[in-house]
Amino acid sequence: MSDIPETKAKNEATNETKNDFQISKWRGRYGLPDDRGYFGQFGGRFVPEVLVPALEELTEAYEAVSEDSSFKEELREMLRRWAGRPTPLYHARRLSRRLGGAQIYLKREDLLHTGAHKVNNALGQALLAKRMGKKRIVAETGAGQHGVATASVCAMLDLECVVYMGEEDMKRQALNVFRMRLLGAEVRPVAAGTRTLKEAVTEAIRDWVSNVATTHYLLGSAVGPHPYPAMVRDFQSVIGEEAKEQFLEMTGKLPDYVVACVGGGSNAIGMFHAFVTEPSVRLIGVEAAGRGLESGYHAASLAKGRVGVLHGSKSYVLQDADGQILTTHSISAGLDYPGVGPEHSYLKESGRATYVAIDDERALGAFRLLSGVEGIIPALESAHALAYASELAQSLGSGQSILVNLSGRGDKDVNLVAEVLGTTARISPISPSSVARDEKVNVADVLGVRG
Amino acid sequence: MSRIGQVFENLKLKGTGAAFIPYVTVGYPSVDATMEAVSLLEECGAEIIELGVPFSDPMADGLTIQHASHEALRNGITPARCLEVAALLRNRVKLPLVFMTYYNPVLSYGVKRFCADCENAGVDGLIVPDLPPEEAEDLALAACNHGIDLIFLLAPTSTDERIAEVARYSSGFLYLVSVTGVTGARERLPEGLAEFVARVRRFTPLPLCVGFGISSPEHAKEVARVADGVIVGSRIVEIMGSGEGYAPLLSRFARKLKAAVSRSAPV
């Protein structure tokens, strides 16, 4: 990690705890959050009183099913037969060769039903809601992936489904709005603020506050009040568990690096969880740097935020000097959120994971690179993780390995990318001749890193 | 006894009914309007005033107060500016001033510093709807050190156990949320409100004030039969946002509310 002179004193002060932490806490004894929903100083339950009983009920119900083998079996079967688990682990040989460094492996959550990892959590929570006797589900959605996953699960389980979506996002993702409606969900536009994910979450919470007796709030990321961050992580941890086993089987060892994109952070925490107690594996979360971390147009809460309280938990939050929540920007709607799950804040502060940021341009570069070299169109969210992994790979030797969570597929983003790049101009990620000759890629060019 | 405690003590002694507690968002539609409205509301008989310190993401508020908050923020209102406004009001009005805000602006300002500055400005109480008692240790301590009442909320969904717990932490009064929902004017009062108030009464000697959804003198009268205070927010904010000539409308509405809560004084 970097040892910037200004922060040296601070680093020295925390070094001791960091070492202790790695030796004792991370060896298979990871029992967080605590009973109050805290990961260190992060998490908790900052909600209106009306929701406290509902959250207590949810916590109890969740704890009960997490010990219940019939629930786990039901979930496992549905994940297998309905959603398409396990997803493959793919050794991206061609990409790795092109980059000329470490070996890159992709966990193919893009192949999951509804096109992204979101369905793991949607299915888990909906089954739980059903057991709790709730007949109505509310959810928020940004890009529409969580909304589509929730609408699909509700259709299959015969639950009423209302999805809140910012008006701006509805415009950008009109096709997903149609998909949700086709699946029987009611999509309610949110006109407040920037009309994106943050407002959709707030509105879903308001609905839940008003209909708490009949309704379960199916929150889509590892954010929000306790027990959501832990529950969403647990439902998503199937990603990392599968990947770890598959990786061991394929290579006989653990990956050196695990890389995933972080908006709220559910795919990343689902991937990290299986590796958090393996000290040899470096965990790297990739936030959205938008138009650049200094531009003011980004969504990098861990890089640029301060500790605050948003949507029910204490974590890093993008806010102004007065504690007002800032508007964010990312080319990928799924990362366009001013907060981050409390466990990521904890992993950052404890030094167990490292967080970096990738801007729009480099994410687009990786989007094109993977499409052209491996025949896989990644979601723009996942392209952030790929962009960082590609740069990292070039700095490592071929004996090293990077596991990337390919959290979703990019079909939903094709229109947007076509608009940005133009449908005819320079679509090829690398020149046709270099594709033919299988030449090494200059990643800096492809990812648009300027001198 | 705190200035807030004194209000309820006096009402009880005189037997003149429940406290009339209006809410205004600081800086909506302007700081001048806030100053003017608070004086006016005191003249019309308000016993306590709630001052909304605007937050960008007010999750317990309905459309009216969301809109007012965003407009106030666009007018450049900050927590520091709200403290200035409170200090100016303190010199003009006698009634207790209670800030209603969300936790993040307080956390960002610094919990201790915020309470110290509230004390200096003459703010008497704090209501933070997204801060249940189990998360409120820092703020409760700081508020206590600076003689500020920290007022907690209860909802119809609160269990008996929970009521006893929350009541233990609250000071000044308890804020009973009338509905399972967000703030905002409503056509009717929810059923079971009287039972809810009676249920809470069993656990605490604190004054009980009811808010959320009370939007007419008829509502206020009904609530005043069972509660010690009646909080009216969204309807007042709507009137203040209705244009330049809001003052006579506000005055008329406030006097009606005052009459409604007073007449129903227990015999």
Side-chain angles (χ1 to χ4, degrees), chain A residues 35-38 41 43-57 190-194 198-215 224-226 305-315 317-327 338-339, chain B residues 53-63 66-67 69-70 72-73 76-82 101-110 114 128-136 152-159 161-163 165-166 170 174-184 212:
Chain A
D35 291 345
R36 294 173 58 226
Y38 274 89
Q41 64 151 320
R45 197 181 264 172
F46 295 82
V47 293
E49 188 61 32
V50 62
L51 292 181
V52 171
L55 288 167
E56 279 171 359
E57 185 196 352
V190 180
T194 51
K198 173 178 74 122
E199 284 76 22
V201 173
T202 306
E203 206 52 42
I205 294 174
R206 290 195 186 105
D207 182 308
W208 193 33
V209 165
S210 307
N211 301 290
V212 67
T214 58
T215 299
H226 181 59
R306 285 188 294 129
V307 176
V309 168
L310 173 67
H311 293 146
S313 61
K314 189 186 272 189
S315 194
V317 177
L318 288 170
Q319 53 183 315
D320 70 11
D322 295 311
Q324 308 297 347
I325 310 304
L326 291 172
T327 55
Chain B
V53 177
F55 176 52
S56 53
D57 296 76
M59 67 169 154
D61 284 302
L63 283 173
Q66 283 174 48
H67 172 74
S69 302
H70 290 145
L73 289 174
I77 300 300
T78 61
R81 185 85 181 99
C82 291
T101 188
Y102 288 79
Y103 193 45
N104 201 53
V106 176
L107 192 63
S108 170
Y109 194 94
F114 189 73
V128 188
D130 62 345
L131 194 71
E134 44 274 75
E135 303 291 357
F152 286 102
L153 297 91
L154 283 169
T157 54
S158 304
T159 58
E161 212 178 9
R162 185 81 195 155
I163 291 170
E165 177 83 4
V166 174
S170 201
L174 263 169
Y175 192 134
L176 273 53
V177 174
S178 72
V179 288
T180 354
V182 296
T183 62
F212 283 40

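Since the structure is predicted, the reported quantities are computational estimates derived from the model, not experimental observations. Below, read A as the first sequence line, B as the second, and so on, with proteins coming before strands; counting in each chain starts at 1.
At a 4.5 Å heavy-atom cutoff, the contact between Val166(B) and chain A is made by side-chain atoms alone. Using a 4.5 Å cut-off between heavy atoms, Val177(B) makes no contact with chain A at all. Within the 4.5 angstrom heavy-atom criterion, no atom of Pro156(B) approaches chain A. Only the side chain of Ile205(A) comes within contact range of chain B, judged by heavy atoms closer than 4.5 Å. Using a 4.5 Å cut-off between heavy atoms, Tyr103(B) contacts chain A through its side chain alone, with no backbone atom that close. Both the backbone and the side chain of Pro48(A) come within less than 4.5 Å of a heavy atom in chain B. For Leu73(B), the part sitting under 4.5 Å from any heavy atom of chain A is the side chain, from C-beta outward, and nothing else. For chain B, the nearby parts of Val50(A) are the backbone and the side chain; heavy atoms of each come within less than 4.5 Å. For Arg306(A), the part lying near chain B is the side chain, with the backbone staying farther off; criterion is any non-hydrogen pair under 4.5 Å. Residue Pro105(B) touches chain A through both its backbone and its side chain, counting heavy-atom pairs closer than 4.5 Å. For Ala321(A), the part lying under 4.5 angstrom from a heavy atom of chain B is the backbone only.
Using modelled atom types, no side-chain atom of Arg36(A) and backbone atom of Glu135(B) make a donor-acceptor pair closer than 3.5 Å. Of the possible polar contacts, one joining the Ser56(B) side chain to the Ile325(A) backbone as a donor-acceptor pair under 3.5 Å is found. For Gln324(A) (side chain) and Pro54(B) (main-chain N/O), a donor-acceptor pair under 3.5 Å exists by modelled atom type. With hydrogens and angles ignored, the 3.5 Å screen pairs no side-chain donor or acceptor of Asp130(B) with any backbone N or O of Phe46(A).
Ranked by heavy-atom pairs under 4.5 Å with chain A, the first of Pro133(B), Ser108(B), Pro79(B), Ala155(B) is Ser108(B). When each of Glu199(A), Glu49(A), Glu56(A) is checked for heavy-atom pairs under 4.5 Å with chain B, Glu49(A) comes out on top. Note on Leu153(B), Thr157(B), Leu131(B): by heavy-atom pairs under 4.5 Å with chain A, the leading option is Thr157(B). Considering only heavy-atom pairs separated by less than 4.5 Å from chain B, the leading option among Leu51(A), Asp207(A), Val52(A) is Val52(A).
Within the 4.5 Å cutoff, the side chain of Arg162(B) has no heavy atoms near those of the Pro53(A) side chain.
Of all the heavy atoms in Asn104(B) and Val309(A), the pair that sits closest is OD1-N, 2.8 Å. The nearest pair of heavy atoms linking Ser210(A) to Gly181(B) is OG-CA, 3.6 Å. Closest approach of Gln66(B) and Ala192(A) over heavy atoms only: OE1-CB, 4.2 Å.
For the atom pair CZ of Phe55(B) and CG of Leu310(A), the computed distance is 6.5 Å after rounding to the nearest 0.5 Å.
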